[in-house]
Amino acid sequence: FGSEEEQKRGPRALGSRRGGMIFLGVVVASLALGASAVEEVSSSAAVFRGDEDAAAASEFFYAREEEPRRRLESVYAGAKQEIRDIDPIRLGVTTALIMCLGSLAAGAGIGGGGLFVPIYWLILGVGPKAAVPLSGATILGGAIGNFVTIGWSKHPKANRPLIDYEAAVFTQPGELMGVVFGVLLNIILPKIAIVALLATVLSYNSLRTIRKAIRTRAKETAQFAEQAKKAEPLVSEARGSDANEMGKLAVEEDGHQPDQRAELEAVLADDAVQFPRWAYGTLIPMTSFLVVYKLLSRTVFNQCATWELNQRGGDPKGWAQGVFWLWYWTPVPVLAVFWLVIAKIIKARSDRRRNCALYVPLENDLVWDEAFMAKFPAFALGAGCAAGLLGIGGGMILGPIFMAVDMEPRCATSASAFSILWTAGSGTILWVFGGNLGWQMLVWMMCWGFVSGQIGQRMVDKILKATGRPSYVIFLLGSIIATACIAMVTSGIATISIEADKGRPIFYLELSEFKCGVDGP
């Protein structure tokens, strides 16, 4: 579909038009939901829904309101309510903030959960737990919006996808494996320890990323100055395809072109595949396994499971039995197998490039040799563990790591954004199947998340085209991480203050999650 001119320009132009059409549809759908909500809201008084912690947290930030708040039957009820039950002013302010901050987060290649959760909790007033599935739905919408743009985009310096599939796919099993350990620590450790770790990790990542941006900008300035003096293109900024074309000509002059040129063309054709089958062929079954695993964890292999799965334990307050722990650690060996398969595929692809005499790698290309592949899993495991422990998206950890190994900034944020698509998708499915996320809230949050994702990617594209400075993407990433650090630490301190006022201990290990018949935190 599309005009003749767009068809001639290829899939990128059609992808852009497709994105614009979906963008318009999302806005219309969201406005329709909003209009129906405003019509049905009572003009007498606004009704805010939230649990005791949400009300106390709102009092912590705002003056007391004369109208009493309704109590909800469940801590997740705020994520299941209808749009018409939400005060339109609160909803409007929340949506505007999500649009602004979500656009910046999308441009930086991260989900933005560290920004969304405090907004839904404190401004929308749904409570701290109900804010989590709403944040997940928003992140999923933003990830889809991101993918509509970056999925069809090309690398700025070569004829290959903008998404670095090798980096994105290779880190996914390790990140998910690390989450298993991180979530366990998140459950056990006291909140004050988590807040302290959160402040340490995010502030360090933010500072390191901004320093990297400053160094990159200085390098860009020096390159621009040198380029202006020579009045010729820099070798480091030549397109990979152009550099490889020069290699072809050199071989033709030597008279050895047939075999070597065919080998180079085969390598370039393999790299140019926009949606590589090997990547999706591993990501889809891996994500499907995780969804099934989580569903069975909530139903069959929960804390009350016994070795006879049709029974549910005799002691309603007893500790979880061995079958629970055996199932809990099941993802570790399964993800390890996926990891080995992915590593083998990437190693074969890298060896093929390295053995091609004419292949010219770009300056910021990752070299997947044995030394690099030996240390990179530790990065992925650490990112996943930190994400599960601190309750943040892996993008705030992986993004700075990708920058630290000198990936092309635009490709680094795209790889991070692509990874978020799968984790956010599986998480949102679980929230819906678990009955903790209503369809109206799901649609509303996903729609505006999608819009913010589109805005963020288009904004970054325009900035890069106007300035030619990828360092601005690194500055954006560091700034968003710093903002999320401030927001999450502030909300964490508010939570601790509320619990302390209620006389609850703040230095204790939470173990109720592992007892039968006792709801976890």
A.B. asks: Heavy atoms, side chains only, cut-off 4.5 Å: are Thr171 and Phe402 in contact?
C.D. replies: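 Thr171 vs Phe402: side chains touch.
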
A.B. asks: Less than 4.5 Å apart, side chain to side chain, heavy atoms only: is that true for Thr413 and Met403?
C.D. replies: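 Touching, per the 4.5 Å side-chain cut-off.
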
A.B. asks: Would you name the heavy atoms of Val117 and Ala131 that are closest together and state the gap between them?
C.D. replies: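 Taking every non-hydrogen atom into account, O-CB, 3.6 Å.
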
A.B. asks: By the salt bridge (charged side-chain N to carboxylate O under 4.0 Å, His left out) test, which pairs, at least two apart or in different chains, include something from residues 466-489?
C.D. replies: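 Of all non-adjacent pairs touching residues 466-489, those that pass salt bridge (charged side-chain N to carboxylate O under 4.0 Å, His left out) are Glu220-Arg469.
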
A.B. asks: Which heavy atom of Asp164 sits nearest a heavy atom of Ala415, and at what distance?
C.D. replies: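 Smallest interatomic distance, heavy atoms only, reads O-CB, 4.0 Å.
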
A.B. asks: How long is the span from the CD1 atom in Ile346 to the CG atom in Leu366, to the nearest 0.5 Å?
C.D. replies: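 These two atoms lie 10.0 Å from each other.
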
A.B. asks: Does the side chain of Gln274 come within less than 4.5 Å of Lys154's, by heavy atoms?
C.D. replies: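 Heavy-atom side-chain distance check passes, below 4.5 Å.
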
A.B. asks: State, with a plain yes or no, whether a side-chain heavy atom of Phe289 is found less than 4.5 Å away from one of Pro331.
C.D. replies: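 Yes. Closest side-chain heavy atoms under 4.5 Å.
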
A.B. asks: Quick one: sort the Phe376 and Phe379 rings into parallel, tilted or perpendicular, breaks at 30° and 60°.
C.D. replies: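 Ring orientation of Phe376 relative to Phe379: perpendicular.
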
A.B. asks: If you take all heavy atoms of Asn436 and Pro133, which pair is closest and at what distance?
C.D. replies: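 Minimum heavy-atom contact is O-CG, 3.9 Å.
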
A.B. asks: I need the single residue from Trp448, Trp444, Tyr120 that forms a side chain to side chain donor-acceptor pair (under 3.5 Å) with Thr138. Which is it?
C.D. replies: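 For Thr138, the side chain to side chain donor-acceptor pair (under 3.5 Å) test succeeds with only one of Trp448, Trp444, Tyr120, which is Tyr120.
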
A.B. asks: What do the steps show when you test Leu104 against Met459 for side chain to side chain contact (heavy atoms under 4.5 Å, CB included), and what is the final call?
C.D. replies: CA-CA 9 Å; Leu104 296 174; Met459 173 188 68; 4.0 Å; yes

A.B. asks: Step by step, would you call Trp278 with Val169 a side chain to side chain contact (heavy atoms under 4.5 Å, CB included)?
C.D. replies: CA-CA 10 Å; Trp278 69 268; Val169 177; 4.0 Å; yes

A.B. asks: I'd like to know whether Trp339 forms a side chain to side chain contact (heavy atoms under 4.5 Å, CB included) with Met177, so could you lay out the CA-CA distance, the side-chain angles of the two residues, the decisive distance to 0.1 Å, and finally the verdict.
C.D. replies: CA-CA 10 Å; Trp339 212 349; Met177 194 184 300; 3.9 Å; yes

A.B. asks: Nearest 0.5 angstrom please: Leu295 CG to Ile429 CD1, how far?
C.D. replies: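 One gets 9.0 Å once the value is rounded to the nearest 0.5 Å.
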
A.B. asks: Under 4.0 Å between a side-chain nitrogen and a carboxylate oxygen: does that hold for Lys80 and Asp85?
C.D. replies: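 A salt bridge is absent here (no side-chain N lies under 4.0 Å from a carboxylate O).
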
A.B. asks: Answer whether the closest heavy-atom distance between the side chains of Gln172 and Thr423 falls below 4.5 Å.
C.D. replies: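 The answer is yes; the side chains approach within 4.5 Å.
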
A.B. asks: Is the distance from the ring center of Trp329 to that of Phe181 below 6.0 Å?
C.D. replies: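 Yes, they do, as the ring centres are separated by less than 6.0 Å.
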
A.B. asks: Working to the nearest 0.5 angstrom, can you tell me the gap between Ser471 OG and Arg215 CZ?
C.D. replies: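 So the gap between those two atoms works out to 12.0 Å.
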
A.B. asks: Under the side chain to side chain donor-acceptor pair (under 3.5 Å) rule, collect the residues that match up with Thr149, sequence neighbours excluded.
C.D. replies: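 Partners of Thr149 under the side chain to side chain donor-acceptor pair (under 3.5 Å) test: Gln454.
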
A.B. asks: Quick check: closest heavy atoms across Ile83 and Gln440, and the distance to 0.1 Å?
C.D. replies: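 Heavy atoms only, the tightest pair is N-OE1, 2.9 Å.
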
A.B. asks: Closest approach of Pro118 and Ala487, non-hydrogen atoms and distance?
C.D. replies: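 Distance-wise, the nearest heavy atoms are CG-O, 4.0 Å.
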
A.B. asks: For the pair Ser203 (side chain) and Thr200 (backbone), establish whether a donor and an acceptor sit closer than 3.5 Å, ignoring hydrogens and angles.
C.D. replies: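 Looks like yes, one N/O pair under 3.5 Å.
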
A.B. asks: Can you find a heavy atom in the side chain of Asn364 that is under 4.5 Å from one in the side chain of Met407?
C.D. replies: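 A side-chain contact is absent here, since even the closest heavy-atom pair is not under 4.5 Å.
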
A.B. asks: Sort and list the pairs that fulfil side chain to side chain donor-acceptor pair (under 3.5 Å) and have at least one residue in residues 279-293, not counting sequence neighbours.
C.D. replies: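 Non-adjacent pairs meeting side chain to side chain donor-acceptor pair (under 3.5 Å): Tyr165-Tyr280.
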
A.B. asks: Under 4.5 Å between any side-chain heavy atoms of Leu134 and Val126, yes or no?
C.D. replies: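 Yes, at least one pair of side-chain atoms sits under 4.5 Å.
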
A.B. asks: Using a cut-off of 6.0 Å, state whether more than 12 heavy atoms not belonging to Tyr204 lie near its atom OH.
C.D. replies: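 Count not over threshold, so no.
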
A.B. asks: Nearest 0.5 Å, what's the OG1-CD1 distance between Thr94 and Ile119?
C.D. replies: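 Between Thr94 OG1 and Ile119 CD1, I get 7.5 Å after rounding to 0.5 Å.
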
A.B. asks: Aromatic ring centroids of Trp121 and Phe116 under 6.0 Å?
C.D. replies: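 Judged by ring-centre distance (under 6.0 Å), Trp121 and Phe116 do not meet the cut-off.
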
A.B. asks: Ignoring hydrogens and angles, state whether a donor on the side chain of Ser297 or Tyr328 is under 3.5 Å from an acceptor on the partner side chain.
C.D. replies: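 No - no donor-acceptor pair under 3.5 Å links their side chains.
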
A.B. asks: Report the C-alpha distance between Ile163 and Cys411 in whole Å, list the side-chain angles of each, state the deciding distance to 0.1 Å, and finish with yes or no for side chain to side chain contact (heavy atoms under 4.5 Å, CB included).
C.D. replies: CA-CA 6 Å; Ile163 300 171; Cys411 297; over 6 Å; no

A.B. asks: Is the closest side-chain heavy-atom distance between Met441 and Ile86 below 4.5 Å?
C.D. replies: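 A side-chain contact under 4.5 Å exists here.
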
A.B. asks: Minimum heavy-atom separation for Ala108 to Leu476, with atom names?
C.D. replies: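 Of all heavy-atom pairs spanning Ala108 and Leu476, the closest is N-CD2, 3.7 Å.
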
A.B. asks: Hey, what do you get for CE (Met488) to CG (Leu198), rounding to the nearest 0.5 Å?
C.D. replies: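 One gets 5.0 Å once the value is rounded to the nearest 0.5 Å.
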
A.B. asks: So does Arg410 pair up with Glu408, basic N to acidic O under 4.0 Å?
C.D. replies: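 Salt bridge between Arg410 and Glu408, a charged N being under 4.0 Å from a carboxylate O: no.
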
A.B. asks: Can you tell me how far CZ of Phe147 sits from CH2 of Trp422, rounded to the nearest 0.5 angstrom?
C.D. replies: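 Trp422 CH2 to Phe147 CZ: 7.5 Å, rounded to 0.5 Å.
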
